[in-house]
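First the structure, in the form of C-alpha cells, and then the observations on it.
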Amino acid sequence: MTFHDFNLHSSLTESIDMMQYNEPTPVQAQAIPEILSGRDLIGCAQTGTGKTAAYLIPTIQHILDHPKEASQCLILAPTRELAKQIDQQIDGFGYLTGVTSMAIYGGSTGGEVWSRQRNAMENGAEILVATPGRLIAHMRMGYVQLDHIRTLILDEADKMLDMGFFEDIIQIVNELPTDRQTLLFSATMPKKIRLLADRILRDPAEVNIAISRPAEKIDQSAYLVHDHQKIDLMEHILRQMDVQSMIVFTSRRSEVNKIVRAINKLGFQSKGVSSDLDQNAREEVMREFKNGQLPIVVATDVLSRGIDVDNISHVVNYDIPQDAEDYIHRIGRTARAERTGVAITFINGEKQHRVRRIEELMEMELPKLPLPEGFEPGPAYNPEKRSSGAAPNQRRKKKRKPKGPQSEASASAATPAPTATPTAGAAEGEVKKKKKRKKRRKPRPQSNPSSNEQSPS
DNA sequence: AAAAAAC
C-alpha cells in the first residue's frame, strides 16, 4: 500500500513524497480512509506511530477540496512544544499545498506574538494548533470566530485531561459548530477519555494501535544507584558510550538546573527545558537541540510526549517517571524513524515500586545492569517494598527475560571519542531563577452555587 | 504525586 492509494490531491501527494513518507504506518493505513469518509474517530495510538500525519493528511485533503477564507480545523495539544511541532509539520505540507496554519500558545514575551496569533485567526489561517489556555484567552477578547471549524482534533487527549483541561475543552467545543468532524487521539483509554468522547464525538470509528510495548529498536536497561552516584554514572555513560545526542529526563523541575550544572561541570554541553524556563529560552534550546548544535537536553516530562528530534541516540531517565505511561513516552524519544536507540533508567532505593508498574505495562522485564567497575554497590532491588496497598496474593505472570543483545554499556569499552564532546567552559545553567515559593494555604472553600452540599459546622 | 497550561 502507498499514499497514492488514497486518491489525494496531487499537491498533497507531492508533499508526502517530498517529506519522504514512504509507506503508510498502521495508524495511517487505518485512520486515513475513515477520516476521509468524514466519520468521527477515536485513535488509540502513541506518538511515533505516525499519528500526526494520519490526521493531518485527510484534514488537509478536505481543506483543498473545500477552500474557504476562514479557519477550518482546530487542533488542541497539551504542551506548547507539541503545538509548535505540529504547526511545523503542517508547514511542511503547506509548502506545496498552500495550506496555512498558526500555532496558538502562551508564554512568549512580547505583545507582537499575541497580535500575530490574533491576526492569523482573524484572517482565517486554515488550521489552528492551540494549547487550550491560550485559545480561551483569545476567545475572551471576543474576536475569535470558530464557526467555520469543520474538524476538531484532540491530540494527546489523555495528557490534556491529566492536566485538568476537561472544562477548557468543553468550553471550546461549545463554541464550535455541532456539525463537525471530531478526532480524538490518546495513548490510553481510561474512563475519563470515554466520557469525554461520549460527550463530543458522534458514532466514532475506532483505530487501535495501542502499543504499550516500546519499539524493539530501543535497547533498554537500568541501573540501581544511590542518588549520590547518579552523576558519576552519568559521566560514565557520557564517556564510555557513543552518545550522539541525549535527553535526560527528570520528574522534577527543581532538578533540571542542578543536573544541567553537574553535566556541564563535567565538560559536556547541556541545557534545560522545563516550565521554569521562559518560553523563549525553551524554544531556543529546542532549536539548538534539533540543529545538532546542542548535544544534551535535560528536561521534565514536558518533552516526554510527541517531541520528534532526529538522532537522539540516548535517553537517560535520571529518575523513574511517575506514570508508567510516561516511561514509554520518554524512551520513545530515541530510535525515531529507522534508527536504534539506548534508554537507560536510574533506579534508586525509594521508587522501585514504579519499576514494577512499568514492567507490567510493557509485559517485559527491564534488564538491571550491575554498576560499572569502581562503583560502590547500589541499593538492592526490591520492587515489592512499597506495594502494601496491592492485593498481596495476586498471581503475576511469569515474565520471560528478553533475549538478545545485552546493553552495550559493557561491550563498548573501546568506543571512539564520544560525539558529545566535552567542551571547556560550557555555558553553565544560565537561567537561574530563584524559585519563589508561593506558600499555598488550604484553598478557601468556594461558594459554589451549583452545589447543595451542606457541611455540618 | 509531580508536571503542564493564560494574562
Side-chain angles (χ1 to χ4, degrees), chain A residues 47 75-86 103-118 121 128-144 154-172 186-188 247-259 272-283 285-286 297-307 317-330 333 348 350-355 357-358 386-389 433 435 437-438 440:
Chain A
T47 45
I75 301 172
L76 295 178
T79 64
R80 298 165 182 171
E81 275 73 11
L82 189 54
K84 186 182 174 98
Q85 185 179 279
I86 295 166
I104 310 286
Y105 58 82
S108 299
T109 49
E112 158 254 351
V113 173
W114 181 278
S115 43
R116 256 212 340 265
Q117 293 177 0
R118 170 178 182 165
M121 287 187 277
L128 304 175
V129 192
T131 50
R134 185 53 167 259
L135 178 60
I136 287 174
H138 279 289
M139 283 162 60
R140 292 222 175 98
M141 305 299 281
Y143 46 76
V144 179
L154 305 179
D155 203 344
E156 303 281 358
D158 51 347
K159 188 69 185 172
M160 287 201 281
L161 293 194
D162 274 356
M163 289 165 64
F165 282 146
F166 186 91
E167 286 307 324
D168 286 354
I169 290 171
I170 296 296
Q171 189 186 337
I172 292 165
S186 182
T188 55
I247 298 193
V248 181
F249 281 109
T250 169
S251 302
R252 292 168 175 277
R253 289 177 297 190
S254 56
E255 293 296 305
V256 169
N257 267 338
K258 291 185 203 164
I259 300 170
V273 172
S274 83
S275 63
D276 267 0
L277 284 93
D278 76 70
Q279 191 59 26
N280 293 335
R282 271 161 71 163
E283 294 187 10
V285 172
M286 289 311 289
V297 163
V298 181
T300 59
D301 283 299
V302 68
L303 290 193
S304 63
R305 289 185 180 230
I307 299 308
N317 293 312
Y318 209 78
D319 56 25
I320 313 166
Q322 311 271 5
D323 302 314
E325 284 293 337
D326 282 335
Y327 174 82
I328 315 270
H329 287 288
R330 284 181 179 190
R333 296 316 99 217
N348 70 5
E350 285 131 50
K351 306 289 166 59
Q352 297 190 357
H353 56 288
R354 292 181 185 168
V355 177
R357 290 212 303 271
I358 291 167
R386 285 282 234 39
S387 63
S388 48
K433 253 205 207 159
K435 257 219 301 201
R437 257 263 196 73
K438 249 202 274 170
R440 265 252 188 247

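We name chains A, B, ... by the order of the sequence lines, and we start the count at 1 in each one.
- Between S274(A) and dA3(B) there is no side-chain polar atom (N or O) within less than 4.0 angstrom of OP1 or OP2.
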Apply salt bridge (Lys or Arg N to Asp or Glu O under 4.0 Å) to residues E81(A) and K84(A) and explain how you reach the verdict. CA-CA 5 Å; E81(A) 275 73 11; K84(A) 186 182 174 98; over 6 Å; no
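- For D278(A) and dA6(B), the CG to P distance is 14 Å, given to the nearest whole Å.
- Closest heavy-atom contact between L303(A) and R333(A): O-CD, 3.6 Å.
- With hydrogens and angles left out, the side chain of R252(A) and the base of dA3(B) share no donor-acceptor pair within 3.5 Å.
- Put simply, CG on D155(A) is 15 Å from P on dA5(B), counting in whole angstrom units.
- Counting any heavy atom pair closer than 4.0 Å across all strands shown, G164(A) reaches no nucleic acid atom.
- Side-chain nitrogen and oxygen atoms of R282(A) include none within less than 4.0 Å of the OP1 or OP2 phosphate oxygen of dA4(B).
- The distance from atom CE of M163(A) to atom P of dA1(B) is 20 Å, rounded to the nearest whole Å.
- Nearest heavy-atom pair across A103(A) and A83(A) is CB-O, 4.2 Å.
- When the P atom of dA1(B) is taken as reference, atom CD1 of I320(A) falls 16 Å away, rounded to whole Å.
- Base engagement by D323(A) is indicated by at least one non-hydrogen atom pair under 4.0 Å involving a base atom.
- R80(A) comes within contact range of the sugar-phosphate backbone alone, with a heavy-atom separation under 4.0 Å but no base atom that close.
- Here the P atom of nucleotide dA4(B) and the CD1 atom of I307(A) are 13 Å apart, to the nearest Å.
- A salt bridge links D319(A) to R330(A): one of the charged nitrogens lies within less than 4.0 Å of a carboxylate oxygen.
- Spacing between atom CZ of R305(A) and atom P of dA2(B) amounts to 18 Å, rounded to whole angstrom units.
- Atom CG of D301(A) is separated from atom P of dA5(B) by 12 Å (rounded to the nearest Å).
- For R253(A), a side-chain nitrogen or oxygen approaches OP1 or OP2 of dA4(B) to under 4.0 Å.
- Taking only side-chain atoms of A137(A), from C-beta outward, the nucleotide of dA4(B), dA2(B), dA6(B) with the closest atom is dA6(B).
- As judged by a 4.0 angstrom heavy-atom cut-off over every strand, R354(A) is placed among residues making no nucleic acid contact.
- The side chain of E81(A) approaches dA5(B) more closely than any other nucleotide in the set dA5(B), dA4(B), dA1(B).
- In this structure, the CG atom of D319(A) is 12 Å from the C1' atom of dA1(B), given to the nearest Å.
- Closest to the side chain of T131(A), out of dA3(B), dA2(B), dA5(B), is dA5(B).
- The pair R354(A)-D326(A) does not count as a salt bridge, with every side-chain nitrogen at least 4.0 angstrom from each carboxylate oxygen.
- Nucleic acid contact for D162(A): base, since at least one base atom lies under 4.0 Å from a heavy atom of the residue.
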